[in-house]
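In each ligand, atom 1 is the first atom listed, and ligand 1 is the first ligand listed.
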Amino acid sequence: MIANLTFIGAGNMASSLIGGLLAKGYPADRITATDAQPETLERIKNALYINTTTDNLEAVNNANAVILAVKPQSMKAVALELAPALQKRKPLVISIAAGINLSSLEKWLGSGLAIVRCMPNTPALIQQGATGLFANKNTSEADKTLAQNILEAVGLALWLDTENQLDAVTALSGSGPAYFFLMIEAMEQAGIKLGLNEKTARQLTLQTALGAAAMAQGSSDTPEELRKKVTSPGGTTEQAIHSFQQSKFNLIVQTAVEAANARSIGLSSELGE
Ligand SMILES: NC(=O)c1ccc[n+]([C@@H]2O[C@H](COP(=O)([O-])OP(=O)(O)OC[C@H]3O[C@@H](n4cnc5c(N)ncnc54)[C@H](OP(=O)(O)O)[C@@H]3O)[C@@H](O)[C@H]2O)c1
């Protein structure tokens, strides 16, 4: 059976998910999106040919899965508005909102619903996303498969053992694209300082990042083993790695990811009630 999917909020993340689903052959007439902005809906309808409406209640009427894709700050109002309709039909609910716990969603939506919380990241925009998912106890295997299929339309989707791990996912892959952008920026600047022009420095850095990630993904060696293989004794790479290690590179990264994790935990308690 092809499920009817309703997206509440048709912004960046919802558009990426819908775009990914359509690219994988999901029928457009089985997808409905709502938004507070009629212009946003007009844009998405013209680009993706899905059903659109500004009426959230009408949109969930026929849904097998409802994807809550509004900003975390809007989530409570949206959940309270949808609660009676969702309780009547009990579709699968998927929340992509950062920092909104299952306990808050269960409080606002009422008990007994199957709810999956997940944390995608921005490369979902180009179907290269990475998502962590966690389901509440009401979620059946069929619901989990549906949630996984939706998130896999835009990249990797991995189930987590505990809800708390979503904070770690937020800190690692949720915020992670920015860490790599920072590294790319720094390498590009270093290349320019050594005499390359900006375009050349950027192209070389980006291709190196892409090549290294693809190599690591396709290899049975660990990243550490791959690093050691390209680090010849007395060579140039060894000098750079030694310099990174002297500056405590791993500790810098660990501290940064822990700061993001702490902020994610803080946001959850701020946004919960
Ligand atoms: N972007 C990311 O990298 C990322 C990563 C992981 C998770 N997420 C999560 O994804 C969610 C959406 O993020 P986004 O970047 O896609 O945000 P966004 O572009 O702002 O999209 C949210 C859309 O929902 C609309 N909206 C607000 N209230 C609504 C309501 N009551 N009914 C229907 N639509 C409503 C908003 O309209 P207005 O503009 O008028 O408010 C906006 O168009 C967030 O909860 C975020 O935490 C995002």
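For atom 21 (O) of ligand 1, the closest heavy atom belonging to the protein is Gly11 CA, 3.2 Å. In terms of protein heavy-atom proximity, atom 48 (C) of ligand 1 is closest to Met13 CG, 3.5 Å. For atom 30 (C) of ligand 1, the nearest protein heavy atom (residue, atom name, distance) is Val78 CG2, 3.7 Å. Atom 47 (O) of ligand 1 has as its closest protein heavy atom Ala98 N, 2.9 Å. Counting only heavy atoms of the protein, atom 13 (O) of ligand 1 lies nearest to Lys71 NZ, 4.1 Å. From the protein, the heavy atom lying nearest to atom 5 (C) of ligand 1 is Pro120 O, 3.5 Å. If you check which protein heavy atom lies closest to atom 45 (O) of ligand 1, you get Val70 O, 2.6 Å. Nearest non-hydrogen protein atom to atom 40 (O) of ligand 1 is Gln37 NE2, 2.5 Å.
The side-chain heavy atoms of Thr54 and Gln37, taken from C-beta on, include no pair separated by under 4.5 Å. Residues Leu5 and Thr32 fail the side-chain proximity criterion, which asks for heavy atoms closer than 4.5 Å. Between Asn64 and Pro91, the closest side-chain pair of non-hydrogen atoms is not below 4.5 Å.
Relative to atom 43 (O) of ligand 1, the option among Thr54, Asp35, Ile8 with the closest non-hydrogen atom is Asp35. The residue from Thr170, Thr34, Asn12 that puts a heavy atom closest to atom 33 (C) of ligand 1 is Thr34. The nearest non-hydrogen atom to atom 9 (C) of ligand 1, considering only Ile96, Thr122, Leu267, comes from Ile96.
Within a 4.0 Å radius of atom 3 (O) of ligand 1, the protein contributes at least one heavy atom.
In summary, the atoms of ligand 1 found under 4.0 Å from a heavy atom of Pro72, numbered by their order in the structure, are 44 (C), 45 (O), 47 (O). Listed by atom number, the atoms of ligand 1 under 4.0 Å from Ala69 heavy atoms are 11 (C), 12 (C), 22 (C).
Under 4.0 Å from ligand 1, the heavy atoms of Met119 that appear belong solely to its side chain. Residue-level proximity to ligand 1 for Asn56 is carried by the side chain, the only part with a heavy atom below 4.0 angstrom.
With rounding to the nearest 0.5 Å, the separation of CG in Asn197 from CD1 in Ile192 is 8.0 Å.
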